[in-house]
Enquirer: 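After the structure tokens below, expect a handful of questions from me.
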Amino acid sequence: MRKRILGVVALSAVLVAGAGGLTACGSSDSGSDSKTITYWASNQGSSIQNDKDVLGPELKKFTKQTGIKVKLQVIGWNDLLNKITTATTSGQGPDVVNIGNTWSASLQATGAFVDFDKSHMDTIGGQDKFLATSMSSTGAAGKTPTSVPLYGLSYGLFYNKKMFADAGIKNPPSSWQELVTDAKKLTKPGGKQYGITLAGASYTENAHFAFIFGQQQGGNFFDKSGKPTFDTPQNVKAVQQYTDLISKDKVATPASAEHTTTNDAVEDFTSGKAAMLLGQNNTNTGIEANGMKASDYAVAPIPMLSPLPAGGKKINSHVAGINIAAFKGGNETGAMKFIKFMTSAKEQVILDKAFNALPVTSEAAKDPAFQTPENKMFVDVLANTAAPMPMITDESQFETTVGNAMKDLIAQAATGKSVSAADVKKSLGDAQQKMQSGG
Amino acid sequence: MTATDSAVRDGRRAGKGSDRTPRRRRVAQHRWLPYLLLAPAIIFELLVHVIPMLTGIGISFLKLNQFFLRNWLEAPFAGLSNYHYAIDVNGSIGKALIWSFVVTIGFTILVVGISWVLGMFAAVMLQRSFRGRALLRTIFLIPYALPVYAGVIVWKFMLSRDNGMVNHLLAQLHITDGHTFWLIGNNAFASIVVVAVWRLWPFALLTLMAGMQSLPTDVYEAAAVDGAGMWQQFRKLTLPMLRGINQVLILVLFLWTFNDFNVPYTLFSASIPKSADLISIHVYQSSFQNFNFGLGSAMSVLLLLFLLVVTGVYLLFTSRRSRRA
């Protein structure tokens with residue numbers, strides 16, 4: 001009998017372990033040599049294929065110039081951080097990778113990326129070629145950056161000109177209160193048309209708006225020593241300002257709660273289901289890919305609270321953008337050549353135009369392509385009313401915990417339950433506790 | 001164990017009557033050969049299961065966050081604090097884990113139960129020969145043959161609120177107004193159960209069909225002569241004769257479903273609705289999204305213990321019963 005029990009225990013152990021109770025991290029593709037580099041690009045265009053189409057000819061140009069082949073993989077935003085983390089643990093990453101610039105300090109802490117010290121900076125053309133605002137999101141203050149800017153982005157309010165005219169609204173809203181009033185006017189009974197659409201199931205978008213509206217409300221998600229302060233009254237108000245669009249004011253499309261990316265929300269905007277959309281400047285790639293003409297819509301800065309509450313800051317975007325970094329231990333020489341190429345003025349003009357991004361180098365910024373009123377507006381926001389997300393090591397946990405908490409609140413609102421200030425406070429408190437146990 | 005016993009017995013029998021030296025050599029060979037043959041399996045078992053599992057247990061005692069990701073052996077020792085966080089029901093982490101555990105248990109029971117009933121029913125129906133049987137079999141097995149991602153992403157489209165086929169169909173049939181959320185809120189649980197069953201039941205069907213092929217037909221004929229109806233034949237003949245297969249099948253379905261990661265991840269991406277907060281995704285979020293690999297590992301170890309106990313009890317119970325039977 002004892003033998004049988006032992007056998008049973010052994011068999012169950014093997015079965016359970018085999019079922020994957022604990023899994024090790026899978027390795028990623030690398031396999032580069034001095035003549036090849038692997039490059040993980042983030043999804044910038046209207047689709048992954050669109051990214052490949054844009055980058056393909058440029059990478060060929062690079063190969064022609066240097067003899068180094070580039071193995072390209074375009075990765076969607078929902079998977080990128082996870083893939084980078086896995087690559088960091090296994091040490092099997094690509095040579096070059098795009099990162100969301102808000103993750104700079106978090107990823108810097110892993111020690112996986114090559115430092116852009118003086119010699120590496122000089123190799124890629126010197127720090128002075130980059131715009132100062134873009135350089136503010138490349139790593140913790142006072143530390144050697146481990147990434148450099150690649151694409152500049154900032155938020156704006158996209159609006160449908162015809163729908164505004166039909167509703168008798170002449171100008172885009174100039175204050176948040178006005179945005180809500182306008183959105184109510186644009187929302188028609190029967191669920192055919194709403195004032196606005198959001199990417200409510202995207203944790204990154206949610207976290208960005210928590211930060212932006214938090215700044216306006218006079219709140220901060222971390223104190224000076226870097227400790228989380230998620231559930232302060234100001235932050236609760238900021239999150240509620242955003243979720244109210246669905247729960248209290250009911251001016252956002254209910255489907256917003258299901259949208260995992262801004263591209264999903266774009267469909268509401270281009271199909272006429274929603275009149276407004278909060279998006280970064282590259283959103284127009286998706287809008288126009290969906291068949292809407294540039295003359296059908298316009299862009300304005302995201303309106304601010306008026307008057308701003310005590311301590312509130314005039315911030316309507318974070319310093320958004322994409323950085324480029326090199327993994328340690330790979331083909332570092334090739335990687336630096338590639339980063340130099342991608343951040344050269346010539347490539348910046350080509351890529352920023354294709355992806356509707358803002359240039360991150362001063363030389364490229366002078367190009368006439370970026371002098372359109374729309375681009376000027378985004379540049380102005382980036383330069384004057386944008387603040388960098390907290391450049392601290394816990395930043396990416398802030399995005400995931402707060403962003404996911406907001407996702408649940410938005411889902412709650414969309415399925416017909418009210419979202420009270422107490423609900424928001426509790427969610428943010430839970431998010432903070434989840435994050436703290438990791439630090 | 002039985003196979004080894006009989007091999008030894010055969011060896012002894014073969015050895016009988018031959019002279020001493022070759023027999024000794026043969027015995028020596030017999031002693032090493034099984035280990036030699038098992039060696040590759042053992043080595044791979046170590047590499048694929050045992051070492052990662054031990055590593056995971058080790059990590060559960062570390063405070064492993066992004067600072068130590070690259071050199072995780074240098075992460076500070078956390079003692080039992082990760083376990084404390086995981087089971088502390090007064091904290092948000094413990095509460096969320098318990099919730100996720102309850103959801104997963106409910107999910108597993110439903111999915112395994114429905115998949116087994118469907119698989120059994122279809123297998124019995126497909127036993128009899130009729131026109132189009134081969135075609136039907138192939139159609140039934142499609143979900144299992146499809147790559148998970150391809151199948152589940154189609155479900156994701158079908159279940160979306162505004163443009164999904166499910167809502168469209170329900171509205172056409174006047175069952176709902178066509179504005180139901182299936183991928184968020186409480187309905188997300190129903191959605192994940194349906195998709196998981198869709199994915200899993202063909203495996204139950206496949207296994208049971210294979211099992212039924214081996215059942216003797218004369219027993220059924222005799223039963224039919226004695227006047228046993230279909231239900232009686234099923235209850236008194238099919239079920240008892242398939243007991244061995246069902247034991248393994250249900251255990252495997254249980255373990256696969258409890259740990260399923262692909263289906264929920266593809267359907268909901270990384271941030272899963274609370275009503276469908278399955279444990280595999282929950283552990284993934286704690287580890288990979290919140291950079292808290294120690295806590296994630298502690299949760300995994302707790303689950304491993306749970307599954308070990310459940311599986312052990314199940315095997316003990318079923319093996320006793322089948323011996324008695």
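A, B, ... follow the sequence lines: proteins, then strands. Residue 1 opens every chain. On a predicted model such as this, the values are computed, not experimentally measured, just so you know.
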Enquirer: Is there a side-chain contact between A/Thr85 and B/Phe293 (heavy atoms, below 4.5 Å)?
Expert: yes

Enquirer: Which residues pass the side-chain hydrogen bond (donor to acceptor under 3.5 Å, both in side chains) test with A/Asp231, sequence neighbours left out?
Expert: none

Enquirer: Please list, in residue-number order, every residue in residues 277-284 of chain B that has a heavy atom less than 4.5 Å from any heavy atom of chain A; write 'none' if there are none.
Expert: B/Tyr284

Enquirer: Could you look at B/Leu159 and say if it's the side chain, the backbone, both or neither that has a heavy atom under 4.5 Å from chain A?
Expert: backbone

Enquirer: Can you confirm whether A/Pro254 sits close enough to B/Arg161 that some side-chain heavy atom of one is under 4.5 Å from a side-chain heavy atom of the other?
Expert: yes

Enquirer: Less than 4.5 Å apart, side chain to side chain, heavy atoms only: is that true for A/Asp430 and B/Lys95?
Expert: no

Enquirer: Would B/Gln289 and A/Thr400 count as a side chain to side chain donor-acceptor pair (under 3.5 Å) here? Give the steps.
Expert: CA-CA 6 Å; B/Gln289 285 202 325; A/Thr400 50; 5.4 Å; no

Enquirer: Check whether A/Glu267 gets within reach of chain B through its side chain, its backbone, both or neither, counting any heavy atom under 4.5 Å.
Expert: side chain

Enquirer: Would you check if A/Met435 and B/Asn290 make a side-chain contact, meaning some heavy-atom pair closer than 4.5 Å?
Expert: no

Enquirer: Residues two or more places apart in sequence or in another chain: which of them pass ring pair (Phe, Tyr, Trp, His ring centres under 6.0 Å) with B/Tyr83?
Expert: B/Phe61

Enquirer: Heavy-atom distances under 4.5 Å only: say whether B/Ile51 touches chain A with side chain, backbone, both or neither.
Expert: neither

Enquirer: In terms of heavy-atom proximity below 4.5 Å to chain B, should A/Lys328 be classed as side chain, backbone, both, or neither?
Expert: side chain

Enquirer: What part of A/Thr260 lies closer than 4.5 angstrom to a heavy atom of chain B: side chain, backbone, both or neither?
Expert: side chain

Enquirer: Going by residue number, which parts of residues 194-207 of chain A are within reach of chain B, meaning a heavy-atom gap below 4.5 Å?
Expert: A/Ala201, A/Tyr203

Enquirer: Applying side-chain contact (heavy atoms from CB on, under 4.5 Å), run through B/Asn186 and A/Thr415 and close with a yes or a no.
Expert: CA-CA 9 Å; B/Asn186 290 339; A/Thr415 47; over 6 Å; no

